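Predicted model only: the values in this text are computed from it and were never measured.
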Amino acid sequence: MASNIERAKGIINTRRENAELEAEKKRLELETVSPELCEVNAKIARTGLDALKVITMGQGSKDFVDALAKQNFELQAKRGEILRSLGLSEDALAPHYTCSVCEDKGVVDGHYCDCLKALVRQLQFDNLCSCAPAKASTFENFDLGYYSGEALARMTQIYNYCKSWAADFDKDTNSILMCGQTGLGKTHLSLAIANVVVGKGYNVIYSSASNLLSQLEKEKFGRYTGEDSPEELALSCDLLILDDLGTEYTRDFERAAIYNIVNTRLLSALPTIINTNLLYDEIAEKYDKRVYSRLIGNYQPLEFLGEDVRQKMNKI
C-alpha cells in the first residue's frame, strides 16, 4: 500500500533528523566545555567549504585540493584526540542512526533498505490488528479438535489448502470464497492467511463488507474524512479480505460496489478472499447475477462444515 510506504519513509526520515539533531546538540554542549574542540570543528567546516568552492567553480590545482584534504585529515585526527581526552570515542559527534546500513535514508544502492521493508510490514500488520484480532488468529492456534467426522475431514482439507495458499502467495494467486455457517473458522483462517502474507511483504486490506461499503458510500458522497481513498485501496491492494459478505444492508449502491470490487480485482489479477454465511443460491438471490457468476466461476470455493466453534469454546 503506497500510503504505508510513504508513512514508513516519513518515520525513517524523522529518525534521521532526530539522530542529526541529537548529534548537533551534543556538539554544541561539548564545544562549550572545550573551546579547543570548538576551534577545531570550525576549521574542519572551513576546509570543507573551501574544497567545495574549488570543486564547484572548477578552479585550483590538484595540489591545492590535496593540501585541503591533508589539512582536513589532520584536523579530524586532532578532534579525535580531544574527544578521547574528554573520555569519549572518536565518533562521539557522529549521528547515531537507527539503521547503520542506510543511515536512516531508507535506500541503499537505489533499492529500498531492509529497515524500510520491515517498517512497512509492521505498519501493515498494525493496520490489520486495528480492525481484526490478527495476533490471535494464526495457523498454529487453529484447533481442528473442535470438528469431528465429515466436518473434521473437510476442515482438515481446508486448513491445509489455506496454509499452502498463504505460503505460496503471490499477486497471481487465485481468489477464495469461504462459505458456511457462523462460527466455523472462516475469519480465523482468513486472518491466519493475512498474517503470513503480510510477513512476506505484501499489502493486505481486511474489512467487514458492511464497514467497507459504508466507507465507499461516504467517499462517493463526499463525507469520508480519512487519509486514503477506500475505493483505491480496495481495488489495488495485493490481497483484499472481505469478511461477512451478506450481513450488510443491500441496496443498489451496495450491489454495484460489490460488483465493481469483484470484477475490477479479477481483471487486475489481484486475489481476494470473501467470507460469507450465505449459501450459493442465497448469493445469487441477494446480489447481481454478474457477481454470482464471477464468484462461482473464478473463486476457489471452500465450504466450511461443523458446529459453531465459538459456542463450543464458551462451554469449556
Side-chain angles (χ1 to χ4, degrees), residues 1-10 120 123-134 171-179 182 186-187 190-191 193-194 197-198 202-299 301:
M1 185 165 50
S3 59
N4 278 334
I5 292 177
E6 293 307 316
R7 290 191 187 103
K9 288 179 179 178
V120 169
L123 289 171
Q124 291 168 349
F125 186 70
D126 291 344
N127 290 342
L128 190 63
C129 291
S130 68
C131 58
K171 292 183 181 180
D172 295 325
T173 303
N174 63 287
S175 294
I176 295 176
L177 177 63
M178 295 183 176
C179 299
T182 185
K186 298 187 297 296
T187 297
S190 61
L191 287 173
I193 289 172
V197 174
V198 166
Y202 290 100
N203 311 317
V204 178
I205 298 294
Y206 169 93
S207 178
S208 68
S210 58
N211 285 343
L212 178 57
L213 291 169
S214 176
Q215 291 179 5
L216 292 176
E217 185 176 26
K218 289 178 181 178
E219 181 180 22
K220 178 177 176 63
F221 295 105
R223 300 194 305 271
Y224 183 75
T225 58
E227 180 180 337
D228 303 308
S229 162
E231 182 177 43
E232 181 180 345
L233 293 177
L235 297 181
S236 63
C237 62
D238 296 331
L239 172 61
L240 173 66
I241 300 176
L242 199 56
D243 202 11
D244 280 336
L245 182 71
T247 58
E248 76 283 355
Y249 181 68
T250 309
R251 302 164 300 178
D252 288 343
F253 173 81
E254 284 78 9
R255 293 188 183 92
I258 291 295
Y259 172 75
N260 184 47
I261 290 171
V262 170
N263 190 58
T264 301
R265 291 185 62 80
L266 282 174
L267 291 175
S268 301
L270 291 172
T272 306
I273 296 174
I274 293 180
N275 300 335
T276 181
N277 298 336
L278 300 177
L279 300 176
Y280 296 136
D281 57 344
E282 293 174 322
I283 294 174
E285 181 179 341
K286 191 175 182 69
Y287 296 100
D288 189 304
K289 290 181 179 179
R290 296 175 300 171
V291 172
Y292 173 77
S293 174
R294 282 158 177 77
L295 293 181
I296 299 303
N298 297 280
Y299 280 55

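The shortest side-chain heavy-atom distance between R294 and N263 falls under the 4.5 Å cut-off. Looking at heavy atoms from C-beta onward, I205 lies out of side-chain contact with L212 at the 4.5 angstrom threshold. By the 4.5 Å heavy-atom criterion applied to side chains, T272 and V262 are not counted as neighbours.
When every heavy atom of P271 is checked against every heavy atom of A269, the shortest pair comes out as CD-O, 3.9 Å. Contact detail for G246 and Y287: the closest heavy-atom pair is N-OH, 3.1 Å. Of all heavy-atom pairs between Y299 and I176, the closest is CD2-O, 3.3 Å. In this structure, L245 and I258 approach most closely via the heavy-atom pair CD1-CD1, 3.6 Å. Nearest approach of E219 to P230, heavy atoms of both residues: OE1-CD, 3.3 Å. The heavy-atom pair separating N275 from K186 by the smallest distance is ND2-O, 3.6 Å.
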Practice problem: Would you sort out whether L270 and L240 count as a side-chain contact (heavy atoms from CB on, under 4.5 Å), showing the intermediate values? | Solution: CA-CA 8 Å; L270 291 172; L240 173 66; over 6 Å; no
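Residues satisfying the side chain to side chain contact (heavy atoms under 4.5 Å, CB included) test with E282, not counting sequence neighbours, are L278, L279. Under the side chain to side chain contact (heavy atoms under 4.5 Å, CB included) criterion, S236 pairs with E232, sequence neighbours left out. Residues passing the side chain to side chain contact (heavy atoms under 4.5 Å, CB included) test with S210 are S208, E248, sequence neighbours excluded.
Between K220 and E217 no salt bridge is recorded (no basic side-chain N to carboxylate O distance below 4.0 Å).
Judged purely by atom type and a 3.5 angstrom limit, E254 uses its side chain to pair as donor or acceptor with the backbone of R251. With hydrogens and angles ignored, the 3.5 Å screen pairs a side-chain donor or acceptor of S268 with a backbone N or O of T264.
Rounded to the nearest 0.5 Å, atoms CG (D243) and OG1 (T187) are 3.5 Å apart. Put simply, CG on L239 and CD1 on I193 are 7.5 Å apart, with the number rounded to the nearest 0.5 Å. Distance check: I274 CD1 to L295 CG gives 5.0 Å after rounding to the nearest 0.5 Å. Note that OG of S175 and CG of L242 are 11.5 Å apart. Values are rounded to the nearest 0.5 Å. Note that the CG atom of L233 and the CG atom of N203 stand 9.5 Å from one another [nearest 0.5 Å]. Within the model, atoms OG1 of T247 and CG of L213 stand 9.0 Å from one another, a figure rounded to the nearest 0.5 Å.
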